Amino acid sequence: MMKTIKLTAKAREDLLSDLLKRSPDSYGEYESIVAEIVSDVRKNKDQAVFAYTKKFDKWDINEENCKVTEQEIEEAFAKTQETFIGVMKRAAANITAFHQKQLHNSWIDTKPDGSILGQKILPVAVSGVYVPGGKAAYPSSLLMNVIPAKVAGVKKIIMTTPAGEDGKVYPETLVAARIAGVDEIYKIGGAQAIAAMAFGTQSIPRVDKITGPGNIFVALAKKACFGYVSIDSIAGPSEILVLADESANPRYVAADLLSQAEHDEMASAILITTSETLAKETIKEIEGFLQELSREEIIRASLEQYGYILLADSMEDAISAANAIASEHLEILTKNPFEVMTKIENAGAIFLGEYSSEPLGDYYAGPNHILPTNGTARFFSPLCVDDFMKKTSIISYSKEALANAHEDIELFAEKEGLTAHANSVRVRFQ
């Protein structure tokens with residue numbers, strides 16, 4: 001069960017150290033395996049991708065059946081509950097509306113001396129999204145990865161996702177892909193799927209950007225391919241931090257902590273509170289919920305390894321600890337959550353008040369749920385439209401504008417020992 005400890009400087013440092021053990025950077029023993037797969041796919045393309053798929057996913061894939069057909073998508077719609085299709089469409093509308101507000105335009109700035117500066121903003125040409133299969137289907141992640149790319153104006157979106165031993169993909173995944181606007185879907189998973197999108201094969205197009213969550217092999221493959229292709233991030237296990245005072249409802253706190261602990265055994269759930277009573281009541285509520293939740297074994301393993309209740313002397317200490325942890329999801333359940341929010345500097349997403357539970361962000365509200373983990377909210381942001389855009393600088397100087405600057409430029413270049421740089425400007429005034 002969750003460990004209840006007094007919030008001290010040492011406790012905070014020990015906690016941060018413990019949480020960092022969950023980072024993909026801590027799994028070096030798998031890197032050589034992933035490197036071999038990536039190298040093989042880069043060299044042998046389809047042959048390698050199909051061989052790994054047969055080995056790991058146990059179905060007879062080939063160039064004829066690796067791509068999802070229109071008939072398969074139609075069958076998926078027929079198999080998916082109409083009510084759920086409606087829910088996904090409404091969620092997609094909310095996600096689209098939120099991300100449309102992130103769009104930026106190209107710009108040009110002119111000055112009287114004839115100098116022109118600007119920035120040209122264009123979407124990447126081809127984006128690739130990885131959608132996990134395995135234990136469960138996550139159409140919500142598909143929507144979150146694809147819709148910002150569509151809003152950005154990406155012309156072609158490629159998706160890879162593993163199929164079952166029958167060569168079929170979860171119907172809900174295919175439905176979500178159609179709703180979001182995916183152009184092509186390939187039935188491959190794992191590190192081989194990432195490598196295929198990064199380098200291209202006879203069957204699978206090369207992409208410019210890869211996004212989407214996956215297991216440790218997928219995460220390490222994205223790391224290995226970074227530089228040949230852009231990626232979103234190297235995501236770690238999910239995490240939630242609830243910041244609460246004595247006004248919080250322990251039943252809500254418990255439910256929200258468990259909402260992330262059920263992801264997997266490496267997930268982290270943390271409560272920081274100034275109320276010892278709330279801490280005790282929350283533990284009781286957790287035990288009650290565990291009697292009725294379906295993933296009890298996973299939740300218990302998660303809470304035993306990475307579940308913490310930190311008792312703080314003051315809300316200022318609690319906020320300081322929250323900023324140091326920089327959690328993926330931060331819920332604020334206090335008397336004045338908006339006031340506390342103004343003091344939060346590091347968090348992937350902030351949920352304010354008792355009716356803004358974390359799953360609201362996971363599925364429906366609109367902000368992206370692809371968030372920085374393992375403390376990287378200190379310097380990373382949620383997935384957004386900008387992640388699918390590239391910016392090009394524009395520079396144009398008239399003779400008059402350059403005349404006013406050429407001596408400065410020449411001196412700068414000479415101080416750096418780059419005489420050809422200086423000469424490139426000087427010859428225009430000799």
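Nothing here was measured: the structure is a model prediction, and the numbers come from that model.
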[X] to [Y] - nearest heavy-atom pair and separation:
| X | Y | value |
| --- | --- | --- |
| Ala76 | Pro171 | CB-O, 3.5 Å |
| Leu117 | Trp107 | O-CZ3, 3.8 Å |
| Leu103 | Ala152 | CD2-CA, 4.3 Å |
| Pro213 | Pro132 | O-CG, 3.4 Å |
| Pro205 | Ile158 | CG-CD1, 3.9 Å |
| Phe351 | Ser356 | CB-O, 3.0 Å |

Does any non-hydrogen side-chain atom of [Y] lie less than 4.5 Å from one of [X]?
| X | Y | result |
| --- | --- | --- |
| Val242 | Ile270 | no |
| Ile188 | Ile204 | yes |
| Ser106 | Ile121 | yes |
| Cys384 | Pro148 | no |
| Tyr308 | Met2 | no |
| Pro237 | Tyr306 | no |
| Met144 | Ile95 | yes |
| Asp109 | Ile116 | no |

Judged by atom type as modelled, is there a donor-acceptor pair below 3.5 Å linking the side chain of [X] to the main-chain atoms of [Y]?
| X | Y | value |
| --- | --- | --- |
| Asp57 | Lys54 | no |
| Ser320 | Glu316 | no |
| Asn336 | Phe338 | no |
| Glu239 | Ser268 | no |
| Asp256 | Ser357 | no |
| Asp208 | Val126 | yes |
| Asn65 | Asn62 | yes |
| Asn145 | Tyr130 | no |
| Asn94 | Ala97 | no |
| Asp46 | Thr201 | no |

Subject >> Worked check of side-chain hydrogen bond (donor to acceptor under 3.5 Å, both in side chains) between Gln202 and Glu63 >> reply: CA-CA 8 Å; Gln202 294 91 336; Glu63 64 274 6; over 6 Å; no

Rounded to the nearest 0.5 Å, what separates atom [atom1] in [X] from atom [atom2] in [Y]?
| X | Y | atom1 | atom2 | value |
| --- | --- | --- | --- | --- |
| Asp387 | Asn368 | CG | CG | 8.5 Å |
| Phe388 | Lys150 | CZ | NZ | 12.0 Å |
| Ser327 | Asn346 | OG | CG | 11.0 Å |
| Asp386 | His99 | CG | NE2 | 10.5 Å |
| Ile299 | Phe289 | CD1 | CZ | 10.5 Å |
| Glu262 | Ser302 | CD | OG | 10.0 Å |

**OP:** Test side-chain contact (heavy atoms from CB on, under 4.5 Å) on Ile231 and Thr211 and set out the steps.
**Re:** CA-CA 6 Å; Ile231 64 171; Thr211 66; over 6 Å; no

Under 4.0 Å between a Lys/Arg side-chain N and an Asp/Glu carboxylate O for [X] and [Y]?
| X | Y | answer |
| --- | --- | --- |
| Glu70 | Arg178 | yes |
| Lys209 | Asp232 | no |
| Glu304 | Arg300 | no |
| Lys284 | Glu287 | no |
| Arg251 | Glu285 | yes |
| Asp245 | Lys335 | no |
| Glu184 | Lys156 | yes |
| Glu72 | Lys187 | yes |
| Lys223 | Glu31 | yes |

Counting only heavy atoms not in [X], do more than 12 fall under 6.0 Å of its [atom1]?
| X | atom1 | value |
| --- | --- | --- |
| Glu297 | CD | no |
| Tyr363 | OH | no |
| Gln71 | CD | no |
| Gln100 | CD | yes |
| Glu75 | CD | yes |
| Lys391 | NZ | yes |
| Phe379 | CZ | yes |
| Tyr397 | OH | no |

Subject >> side-chain contact (heavy atoms from CB on, under 4.5 Å) evaluation trace for Leu310 with Thr273 >> reply: CA-CA 6 Å; Leu310 303 179; Thr273 182; over 6 Å; no

**OP:** Test the Arg42-Tyr228 pair against the cation-pi criterion, namely NZ or CZ under 6.0 angstrom from the six-membered ring centroid and within 45° of the ring axis.
**Re:** yes

**OP:** Could you please spell out the steps behind the side-chain contact (heavy atoms from CB on, under 4.5 Å) verdict for Thr4 and Ile283?
**Re:** CA-CA 10 Å; Thr4 302; Ile283 291 174; 3.7 Å; yes

Original post:
Sequence neighbours excluded, which residues qualify as salt bridge (Lys or Arg N to Asp or Glu O under 4.0 Å) partners of Lys55?
Top reply: none

With distance as the sole criterion, is a donor-acceptor pair present between the side chains of [X] and [Y] under 3.5 Å?
| X | Y | value |
| --- | --- | --- |
| Tyr52 | Asp40 | yes |
| Ser238 | Glu328 | yes |
| Gln305 | Glu265 | no |

Original post:
Should Met341 and Ile350 be marked as a side-chain contact (heavy atoms from CB on, under 4.5 Å) after you check the CA-CA gap, both sets of side-chain angles, and the distance that decides it?
Top reply: CA-CA 8 Å; Met341 181 269 291; Ile350 302 174; 4.1 Å; yes

